[in-house]
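Contents: one structure, followed by commentary.
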Protein chains: 2
Amino acid sequence: MPRSVAEKPEKLSRIQTANRALITEAALEVFATEGYRGATIERIAERCGMSKTNLLYYFPNKDEIYRTVLAQTLEGWLDPFIEISPDADPEEALGNYIAEKVALSLDRPEASRLFANEIHRGAPLIHDFLKTELKDLVDEKAAVIRQWIDSGKLAPVDPYHLIFMIWATTQHYADFAVQVEAVMGRAPDTDEITQAITGMILKGARPA
Amino acid sequence: MPRSVAEKPEKLSRIQTANRALITEAALEVFATEGYRGATIERIAERCGMSKTNLLYYFPNKDEIYRTVLAQTLEGWLDPFIEISPDADPEEALGNYIAEKVALSLDRPEASRLFANEIHRGAPLIHDFLKTELKDLVDEKAAVIRQWIDSGKLAPVDPYHLIFMIWATTQHYADFAVQVEAVMGRAPDTDEITQAITGMILKGARPA
DNA sequence: GTCTATATCCGGATAGAC
DNA sequence: GTCTATCCGGATATAGAC
């Protein structure tokens with residue numbers, strides 16, 4: 001959890017914590033679809049039934065709202081990734097990870113889009129986080145995957161690209177949900193997506 | 001090429017066409033990183049060495065600039081997809097498609113991000129295009145893939161998800177280039193990415 | 001803690017001289 | 001075709017009453 005993105009304020013009253021939670025939840029949706037500059041305080045306010053000025057009583061400014069929401073998003077984002085364990089069977093470990101990520105993506109697609117948006121802008125707030133904390137974590141998991149490959153439990157694929165592939169596909173169903181639904185004529189559920197991704201990543205499309 | 005997104009103006013002088021091209025190129029970059037509302041006419045203008053008012057001589061308003069850029073983007077986007085032929089060998093056809101998409105993504109990452117942005121907003125301008133033209137096209141290619149499966153040339157995967165998988169991965173390297181580079185500590189080239197995706201999609205990570 | 005009113009700024013767009 | 005000047009709406013943020 002990158003402290004660098006947003007400072008946690010000290011000592012909040014009960015209503016303060018409650019209202020800040022209301023605000024960040026509404027803000028997540030607005031920032032995710034409208035982008036940083038496209039989002040307006042007024043839209044966030046009306047979405048959580050609050051007046052603009054009242055909202056600004058709980059947060060000093062727009063930027064602080066954004067930083068808080070982003071920090072919260074990153075927090076939950078890495079948890080399933082961290083849990084990939086070297087001791088587990090690779091197919092099971094990766095399968096679990098994919099399943100959890102898909103569930104998360106369908107459950108909170110706005111979080112996924114918010115993150116995507118930050119990256120599109122060139123990651124002004126989290127560039128440092130990506131190069132340090134995230135890189136270290138990925139290096140660590142890449143080593144695990146390499147170990148699996150060396151012991152013959154996995155085909156010799158590049159660990160980094162394997163990880164990117166999982167991120168890319170799981171996120172796609174959140175970020176491009178509109179397109180997926182338009183093209184398929186329906187919205188695929190968690191199970192269907194998980195099956196599709198797991199099958200493809202692990203087995204591929206080449207005939208047995 | 002969706003006519004619905006932007007009308008082509010008739011009869012443009014030589015300088016008009018040239019300057020409009022300058023503008024749309026600059027606009028592509030700004031819209032791609034800042035989003036629709038985040039982009040300002042002034043930024044677009046300064047990026048192509050023009051004054052704000054002068055720019056507005058060539059385009060009536062901001063919206064028209066956006067529509068034009070978006071239409072241009074969609075135009076090039078589908079070409080490689082259309083060329084997937086039922087007569088070709090599946091591995092070759094898909095491999096070629098992936099290679100072309102990756103090359104395109106690395107060559108024009110802004111186009112990819114612009115499209116992603118439009119989808120994130122809920123596809124206000126191209127929702128109709130997605131449900132009609134794009135859906136028809138995907139249905140058609142899905143049938144081709146299904147045919148390959150029926151004749152045993154491909155493993156029994158869901159054609160739609162296979163297509164999404166290819167879109168997701170190829171686009172990831174354009175849209176999340178900042179993250180990829182931060183995590184890997186270097187920028188992978190076209191060949192490396194194409195190999196990684198093709199290998200994964202066709203063969204998967206399970207040991208032979 | 002919540003409201004009304006308002007200062008301030010910025011971006012889109014137009015008028016009109018050259 | 002390009003410029004300067006300007007209007008207008010909308011968005012952030014603050015002041016101050018209640």
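Below, chain A is the first sequence line, B the second, and so on; all start at residue 1.
Nucleotide dT14(C) holds its C1' atom 19 Å from the CZ atom of Phe59(B), rounded to whole Å. Put simply, OH on Tyr36(B) is 14 Å from C1' on dG10(D), counting in whole angstrom units. Whole-Å rounding puts the Met50(B) CE to dG1(D) P distance at 11 Å. Protein atom CD of Glu34(B) is 14 Å distant from nucleotide atom C1' of dG11(C), rounded to whole Å. Here the C1' atom of nucleotide dA13(C) and the CG atom of Leu55(B) are 12 Å apart, to the nearest Å. Atom pair Asn54(B):CG and dA17(C):P shows a separation of 18 Å (rounding to whole Å applied). Atom P of nucleotide dT14(C) and atom CD of Glu64(B) are separated by 13 Å, given to the nearest angstrom. The distance between atom CZ of Arg20(A) and atom P of dT2(C), rounded to the nearest whole Å, is 14 Å.
Note on Tyr58(A): a side-chain N or O is less than 4.0 Å away from OP1 or OP2 of dT2(C). For the pair Tyr57(B) and dT2(D), the criterion of a side-chain N or O lying under 4.0 Å from OP1 or OP2 is not met.
Checked by atom type, the side-chain pair His161(B)/Gln195(A) shows no donor-acceptor distance below 3.5 Å.
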Please list, pair by pair, any protein nitrogen or oxygen found under 3.5 Å from a nitrogen or oxygen in nucleotides 12-14 of chain D.
residue	atom	partner	partner atom	Å
dT12(D)	OP1	Ile41(A)	N	3.1
dT12(D)	OP2	Ile41(A)	N	3.3
dA13(D)	OP2	Lys62(A)	N	2.9

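Every pair passing salt bridge (Lys or Arg N to Asp or Glu O under 4.0 Å) that includes a residue from residues 58-68 of chain B is listed here, sequence neighbours excluded: Asp63(B)-Arg67(B). For residues 82-113 of chain B, the pairs satisfying ring-ring contact (aromatic ring centres under 6.0 Å, His included) are Phe81(B)-Tyr97(B), with sequence neighbours left out.
Using a 4.0 Å cut-off on heavy atoms, none of the residues of residues 11-18 of chain A approach DNA chain D.
Using cut-offs of 30° and 60° for the angle between ring planes, the Phe164(B) and His172(A) rings count as tilted. Classified by interplanar angle (parallel below 30°, tilted 30° to 60°, perpendicular above 60°), the ring pair Trp167(A)/Trp77(A) is tilted.
Closest contact between the side chain of Ser51(A) and the listed nucleotides dC3(C), dT2(C), dG1(D) involves dC3(C).
Contacts of Trp148(B) classified as ring pair (Phe, Tyr, Trp, His ring centres under 6.0 Å), with partners at least two apart in sequence or in another chain: none.
One end of the helix from dG1(C)-dC18(D) to dC18(C)-dG1(D) points its axis 0° away from the other end's axis, with each axis taken from 5 pairs and the angle rounded to 10°.
At distances below 3.5 Å, at least one donor-acceptor pair connects side-chain atoms of Gln171(A) with backbone N or O atoms of Ser112(A). A side-chain donor-acceptor contact under 3.5 Å links Glu118(B) to the backbone of Leu125(B). A donor-acceptor distance shorter than 3.5 angstrom exists from the side chain of Lys141(A) to the backbone of Ile84(A), with no hydrogens or angles considered.
Glu7(B) CD to Thr68(B) OG1: the interatomic distance, rounded to the nearest 0.5 Å, is 10.0 Å. For the atom pair CE (Met184(B)) and CG (Asp158(A)), the distance works out to 5.5 Å, reported to the nearest 0.5 Å.
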